[in-house]
Amino acid sequence: MAAPAQTFCNLNAFENVSWGRGQVPNGNAVRKRYILIKQRSSKPTLNNSNRPKIRSSLVSPHDLSVTRTLCSYVDSGCMHKAMALFEIAKNPDPFLWNIMIRGYTDNGFYEEVIEIYYRMQFARVRADNFTFPFLIKSCAALSSCVEGLKVHSRLIKIGLDSDIFICNSLIVMYAKFGYIECAERLFEEMPMTDLVSWNCMISGYISVGDGRMSLLCFQEMQALGFYPDRFGIISALAACSLENNTQRGKEIHCYVVKCMHEMNLMVQTSLIDMYCKCGGLDMAERLFDRIYSRNVVTWNAMIGGYARNTHPLKALSSLMKMQDADNMKPDVITMVNSLPACAQLEGLLYGKSIHGFAIRQGFLPHLVLETSLLDMYGSCGKPKLAERVFYLMNDRNLTSWNAMAGAYAHNGWNIEALKLFKDLQKSFLKPDAVTVTSILPAYAELASLREGRQIHGYITKLEYGLNTFVSNSIIYMNAKCGDLCTAREVFDSVASKDVISWNTIIMAYAIHGCGIIALELFSEMQEKGFEPNRSTFVSVLSSCSIAGLVDEGWEYFNSMKRDYNIDPGIEHYGCMVDLLGRIGNLEAAKRFIKEMPLVPTARIWGSLLTASRNHGNIELAEFASEQILRLEHSNVGCYILLANMYAEAGRWEDVERLKSLMEEEGLQKTIGYSMVELKSRTCCFVDGDRSHSETNTIYDVLDVVLRQIGEHNYISSASRFSAVDYRKKKIGLPGYHSVRLAICFGLISTAVGTPILLRNNVRMCKDCHGAAKLISKVTRREIIVGDARIYHYFRDGYCSCGDYW
DNA sequence: TTAGGGTTAG
């Protein structure tokens with residue numbers, strides 16, 4: 001792809017940009033300011049320093065030239081000069097005060113509007129019908145509900161609450177506060193309404209996100225004989241976007257042509273935006289190409305439209321064109337609209353380039369832009385950079401917290417995601433449905449069943465469980481935490497199931513080894529009219545692979561293109577390598593990888609490595625590991641798995657060699673732990689753990705159990721080496737692995753005959769898997785172990801996985 | 001001198 005415009009590609013320049021002063025913040029919310037923050041333009045103050053030299057003969061408020069000069073200052077945005085002149089005017093009349101208030105409003109100095117209004121009252125100058133619309137607008141812009149209500153009370157008191165200009169302003173203000181019922185009541189009680197009043201209501205509904213009511217209002221207005229002007233049209237088009245109502249949008253487009261509003265740039269931009277948001281990108285492009293003179297808003301709408309419709313290259317190419325062909329300078333919103341394109345392309349360099357440009361232009365700090373940046377970094381696989389942006393933000397709202405949680409979750413930074421969620425709960429913000437959808441995958445990966453049930457209860461209480469997205473996440477979380485029954489109950493209770501609900505429940509049964517039920521559900525989803533997608537086939541093929549349904553797996557794989565016109569992706573090929581590996585056809589699996597039409601990933605070679613481990617083929621394991629490490633230098637799992645195979649084969653030199661290599665690479669073995677669920681608590685063990693208060697009892701029970709299963713002093717069935725060998729080589733004794741400690745603790749802490757439920761953060765080792773089978777037999781207890789991939793149900797000396805995982 | 005409008009984040 002060609003590089004974007006020069007402006008955005010000066011990556012070296014970006015690298016030279018400092019992020020902030022001092023240390024990079026860690027997990028705590030240490031706020032640092034950007035060094036390159038552009039100084040905010042100073043607001044004109046009410047004190048009269050730096051006055052321009054104005055002769056005192058000019059200062060009579062009745063002098064027309066004073067009024068003219070003041071107006072010219074205000075109109076040209078020179079509020080400092082305007083204030084200086086105003087300050088020396090003797091006893092300014094309401095007209096001059098209003099000019100000043102208008103100036104501050106028009107130039108966006110809303111706080112100053114409130115300030116000067118109070119000063120006006122202090123000076124006993126009566127605010128009139130001209131003053132209040134500006135004041136109300138400022139209250140709305142500042143989201144200052146208290147001031148707004150005070151103003152409204154004052155209006156009632158002085159009898160100005162029926163003025164049509166004031167009422168229209170109040171409607172907009174209340175809608176912006178989110179109090180649409182107040183706006184509606186005001187509208188209904190107005191003695192007289194005009195076209196502007198209707199427009200205020202139409203846009204008011206947009207403010208609260210109610211496109212349906214906005215369109216109804218637009219319709220009712222016409223039924224009463226009003227002809228929509230460009231203001232109403234623009235709001236109605238926004239309503240069509242909210243409702244995704246292309247048909248209505250097209251009708252309004254026809255009206256625009258008929259009534260000759262077609263040449264208005266704002267109307268044109270609104271049409272482009274509506275078509276982009278309603279999936280009519282071709283039409284939006286045609287309209288855009290026809291515009292003779294575009295402004296930055298038009299470009300932004302088109303760039304955002306391309307990004308929204310997943311055309312990231314077109315979005316970035318438009319970004320270049322707007323600068324090169326139209327000589328247009330991007331603004332903050334251009335940046336915000338372009339960043340999703342970088343995220344979709346996972347184009348870190350483009351994203352960084354935009355970040356650098358934004359800093360150089362002084363666009364930061366900016367809440368929305370910063371949120372877009374951290375989202376981009378998360379999508380580009382750089383959660384650490386996202387974290388940097390997040391902790392440097394001056395202001396954060398729920399969207400930014402959610403984006404940060406999403407960035408962690410997207411990259412599997414589950415511990416950080418859970419910590420962030422806990423910090424959010426301590427803040428004044430209330431998590432919403434998006435928060436819980438982002439956070440539930442982290443719970444699914446890390447949480448105990450107890451914690452899973454707690455978050456499930458929390459979500460139910462907040463009633464976010466009614467949302468299908470949230471429900472789908474709850475289904476998966478319950479299944480991953482070991483409660484398949486609840487996962488099914490939640491699935492059955494989802495009123496509006498979507499294809500993701502079905503994919504999730506199929507995968508839930510798959511990870512619990514219930515392949516047949518998973519496939520029955522796949523048939524049921526189709527009978528109910530749901531069209532399978534790519535993810536469905538990942539669930540289906542995983543079901544076949546985990547349950548060892550080889551023939552069925554091939555049949556579904558072949559049917560993807562044939563019956564559903566879905567080209568198998570790398571994830572589907574991965575499932576097939578698992579399947580071939582499972583039946584021990586390792587050469588076929590290797591050949592399959594070499595012949596597949598896609599470039600193998602580390603995940604694909606990982607499947608071959610697992611198969612080699614399960615079938616004891618050390619040469620193939622070495623080959624697969626080589627391929628993995630070529631692609632991912634720091635794949636710890638690969639090192640560990642191969643080292644374990646060498647240890648089992650007694651190749652201690654190779655074990656040492658791998659250990660050295662890991663040290664050189666600075667890699668550390670993931671610390672394995674096992675959580676055991678009790679009735680009232682969860683206990684966690686690591687290998688050789690002696691921290692538990694009942695350690696002595698646990699180790700005594702372990703000793704007895706190991707004797708019963710014939711592994712006392714440990715001689716592995718899969719190994720020719722004794723405990724002494726393991727100790728010499730400083731390798732953890734499998735006899736004291738966390739899984740066994742957790743099982744023994746479960747045995748002494750739960751009622752006889754009840755199942756013992758464990759969660760393991762890494763895959764079970766071969767020794768512990770064998771031991772768990774035997775323990776289930778001698779103790780006559782069902783032992784359920786969820787490892788990093790699947791759930792193992794150990795009963796009477798057998799495991800549901802069929803000894804393949 | 002007064003009201004309403006287009007492009008922004010999870």
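For the residue pair Ser72(A) and Asp75(A), no side-chain donor N or O sits within less than 3.5 Å of a side-chain acceptor on the partner.
Counting any heavy atom pair closer than 4.0 Å across all strands shown, Phe134(A) reaches sugar-phosphate atoms only and no base atom. Across all strands, Asp273(A) comes closer than 4.0 Å only to sugar-phosphate atoms, never to a base (heavy-atom distances). Residue contacts shown for Leu398(A) include a base, since a base heavy atom lies under 4.0 Å away. Nucleic acid contact class of Asn397(A) (heavy atoms, under 4.0 Å, all strands): base. Across all strands shown, Val172(A) has heavy atoms under 4.0 Å from sugar-phosphate atoms exclusively, and none from any base. Contact annotation for Arg102(A): backbone-only contact, meaning every heavy-atom pair under 4.0 Å involves sugar-phosphate atoms and none involves a base. Looking at heavy-atom distances under 4.0 Å, Thr298(A) makes contact with a base. Using a 4.0 Å heavy-atom cutoff across all strands shown, Leu170(A) reaches no nucleic acid atom at all.
Side-chain atoms of Asn300(A) lie closest to dT7(B) of the nucleotides dA3(B), dT7(B), dT1(B). The side chain of Val368(A) sits closest to dT8(B) out of dA3(B), dG6(B), dT8(B). For Lys176(A), counting side-chain heavy atoms from C-beta on, the closest listed nucleotide (dT2(B), dG5(B), dG6(B)) is dG5(B). Among dG5(B), dG6(B), dA9(B), the nucleotide with an atom closest to any side-chain atom of Leu367(A) is dA9(B). If you check dA3(B), dT7(B), dG5(B) against the side chain of Lys277(A), the one that comes closest is dT7(B). Among dG5(B), dA3(B), dT8(B), the nucleotide with an atom closest to any side-chain atom of Met266(A) is dG5(B). Taking the side chain of Asn295(A) as heavy atoms from C-beta on, and the options dT2(B), dT8(B), dG6(B), the nearest nucleotide is dG6(B). Here the nucleotide nearest the side chain of Asn129(A), chosen from dG6(B), dG5(B), dT2(B), is dT2(B).
At a cut-off of 3.5 angstrom, counting only N and O atoms as typed in the model, there is no donor on one side facing an acceptor on the other between the side-chain of Asp229(A) and the base of dG5(B). Counting atom types as modelled, Thr269(A) pairs a side-chain N or O with a base atom of dG6(B) as donor and acceptor under 3.5 Å. If you check distances only, the side chain of Thr371(A) does reach the base of dA9(B) with a donor-acceptor pair under 3.5 Å.
Per the geometry, CD1 belonging to Ile303(A) stands 10 Å off C1' belonging to dT7(B), to the nearest Å. Between the CD1 atom of Ile206(A) and the P atom of dG6(B) there is a distance of 9 Å, given to the nearest Å. The distance between atom CD1 of Ile136(A) and atom P of dT2(B), rounded to the nearest whole Å, is 14 Å. Rounded to an integer number of Å, the gap from CD1 of Ile354(A) to C1' of dT8(B) is 14 Å. What separates CG of Leu242(A) from C1' of dT8(B) is a distance of 14 Å, to the nearest Å. Rounded to a whole Å, the CG atom of Leu70(A) is 11 Å from the C1' atom of dT1(B). Remark: C1' of dA3(B) and CE of Met192(A) are 12 Å apart, rounded to the nearest angstrom. Remark: P of dT2(B) and CG of Asp163(A) are 13 Å apart, rounded to the nearest angstrom.
No more than 12 heavy atoms of other residues, nucleotides or ligands shown are found within 6.0 angstrom of CZ on Phe469(A).
In this structure, Arg308(A) reaches the dT8(B) phosphate: one of its side-chain N or O atoms is under 4.0 Å from OP1 or OP2. Within the 4.0 Å cut-off from OP1 or OP2 of dT1(B), not a single side-chain nitrogen or oxygen of Lys137(A) is found.
Residues passing the side-chain contact (heavy atoms from CB on, under 4.5 Å) test with His410(A), sequence neighbours excluded: none. For Arg126(A), the side-chain contact (heavy atoms from CB on, under 4.5 Å) partners at least two apart in sequence or on another chain are Ile158(A).
Looking at Glu416(A) and Lys419(A), no side-chain N of the basic residue comes within less than 4.0 Å of a carboxylate O on the acidic one, giving no salt bridge.
Separation of the Phe288(A) and Trp299(A) ring centroids falls under the 6.0 Å cut-off.
Using a 30° and 60° split on the angle between ring planes, Trp413(A) and Tyr408(A) fall in the parallel class, below 30°.
Stacking between Phe130(A) and dT2(B) is absent: the aromatic ring centre is not both under 5.5 angstrom from the base six-membered ring centre and within 30 degrees in plane angle.
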